[in-house]
Amino acid sequence: MATVSVAVYVGVGARRGVPAAEVLALVERALAEAGAAGLRPSALVTVEAKASEAGLLEAAARLGVPLRSYGADALSRVAVPASSAAVLAAVGTPAVAEAAALLAAGPGGVLAVGKRKSARATCAVAYGPA
């Protein structure tokens with residue numbers, strides 16, 4: 001019997017100045033909803049425009065995972081269930097969290113938890129092949 005290995009990717013979007021604690025609490029909640037509570041994701045993933053955001057970098061470091069980013073053009077080509085005109089105006093793509101998670105998960109990736117929000121962040125969880 002073959003063993004299937006699955007990777008967990010967490011897409012994150014954030015407003016400027018978001019604290020790492022807020023990002024981590026949101027990620028923890030989304031992972032629990034995805035049935036992956038206690039698992040360390042393979043990466044946090046965001047749009048390039050937010051890749052230097054201190055709260056996202058600190059959250060990734062505290063989780064012990066890389067913060068990966070994609071350009072707005074790549075993210076805008078990913079079909080997602082939720083999009084936002086405000087996000088499009090701010091960073092050039094109508095979705096960050098869901099699109100980033102799905103793009104990182106690769107072909108065949110599955111959105112496990114759609115966009116969840118806190119006061120200054122969003123996140124989504126996708127599963128993909130490890």
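FYI, the numbering just counts along the sequence from 1. Just so we're clear, the structure is a prediction, and the values are computed from it rather than from any experiment.
- Minimum interatomic distance between Glu22 and Ser118 (heavy atoms only, all atoms of both residues): OE2-OG, 2.6 Å.
- No more than 12 heavy atoms of other residues, nucleotides or ligands shown are found within 6.0 angstrom of CD on Glu28.
- Residues Val113 and Tyr127 share a single hydrophobic cluster, defined by chaining ILVMFWY side chains whose heavy atoms lie under 4.5 Å apart.
- Taking each heavy atom of Ala97 and Gly13 in turn, the nearest pair found is CB-N, 4.4 Å.
- Leu57 is connected to Val27 through a chain of hydrophobic side-chain contacts under 4.5 Å among Ile, Leu, Val, Met, Phe, Trp and Tyr, so both are in one cluster.
- Across all non-hydrogen atoms, the minimal contact from Leu56 to Ala14 is CD2-CB, 4.0 Å.
- Contact of the Cys123 side chain with the Lys115 side chain is not registered, since no non-hydrogen atoms from C-beta on lie closer than 4.5 Å.
- Using a 4.5 Å heavy-atom cutoff, the side chains of Pro41 and Leu31 are in contact.
- Among all heavy-atom pairs drawn from Ser42 and Pro66, the shortest one is O-CD, 3.4 Å.
- Between Val12 and Val96, the shortest heavy-atom distance links the atoms O-CG1, 3.3 Å.
- Val65 has its side chain within reach of Leu44: a pair of non-hydrogen atoms, C-beta onward, lies under 4.5 Å apart.
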Evaluation steps, side-chain hydrogen bond (donor to acceptor under 3.5 Å, both in side chains), between Glu48 and Ser69: CA-CA 5 Å; Glu48 283 177 350; Ser69 65; 4.8 Å; no
Stepwise side-chain contact (heavy atoms from CB on, under 4.5 Å) test for Tyr70 and Val45: CA-CA 8 Å; Tyr70 292 102; Val45 193; 3.4 Å; yes
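- Taking CD of Glu53 as the start and CD of Glu58 as the end, the distance is 11.0 Å to the nearest 0.5 Å.
- Judged by distance alone, the side chain of Ser76 and the main-chain N or O of Thr93 form no donor-acceptor pair under 3.5 Å.
- Each of Leu67 and Val91 belongs to its own hydrophobic cluster when Ile, Leu, Val, Met, Phe, Trp and Tyr are linked at side-chain heavy-atom distances under 4.5 angstrom.
- The local environment of CZ in Arg120 is crowded, with over 12 non-hydrogen atoms from other residues, nucleotides or ligands closer than 6.0 Å.
- There is no path of hydrophobic side-chain contacts, each under 4.5 Å, that joins Leu75 to Leu88.
- By the rule that hydrophobic residues join a cluster once side-chain heavy atoms approach within less than 4.5 Å of another member, Leu26 and Val80 end up as members of separate clusters.
- You'll find the side chain of Thr122 stays beyond 4.5 Å of the side chain of Arg116, heavy atoms only.
- When all heavy atoms of Arg62 and Ala20 are compared, the pair lying nearest together is NH1-CB, 3.9 Å.
- Counting heavy atoms from C-beta outward, Val18 and Val23 have side chains that approach closer than 4.5 Å.
- Judged by distance alone, the side chain of Glu98 and the main-chain N or O of Leu111 form no donor-acceptor pair under 3.5 Å.
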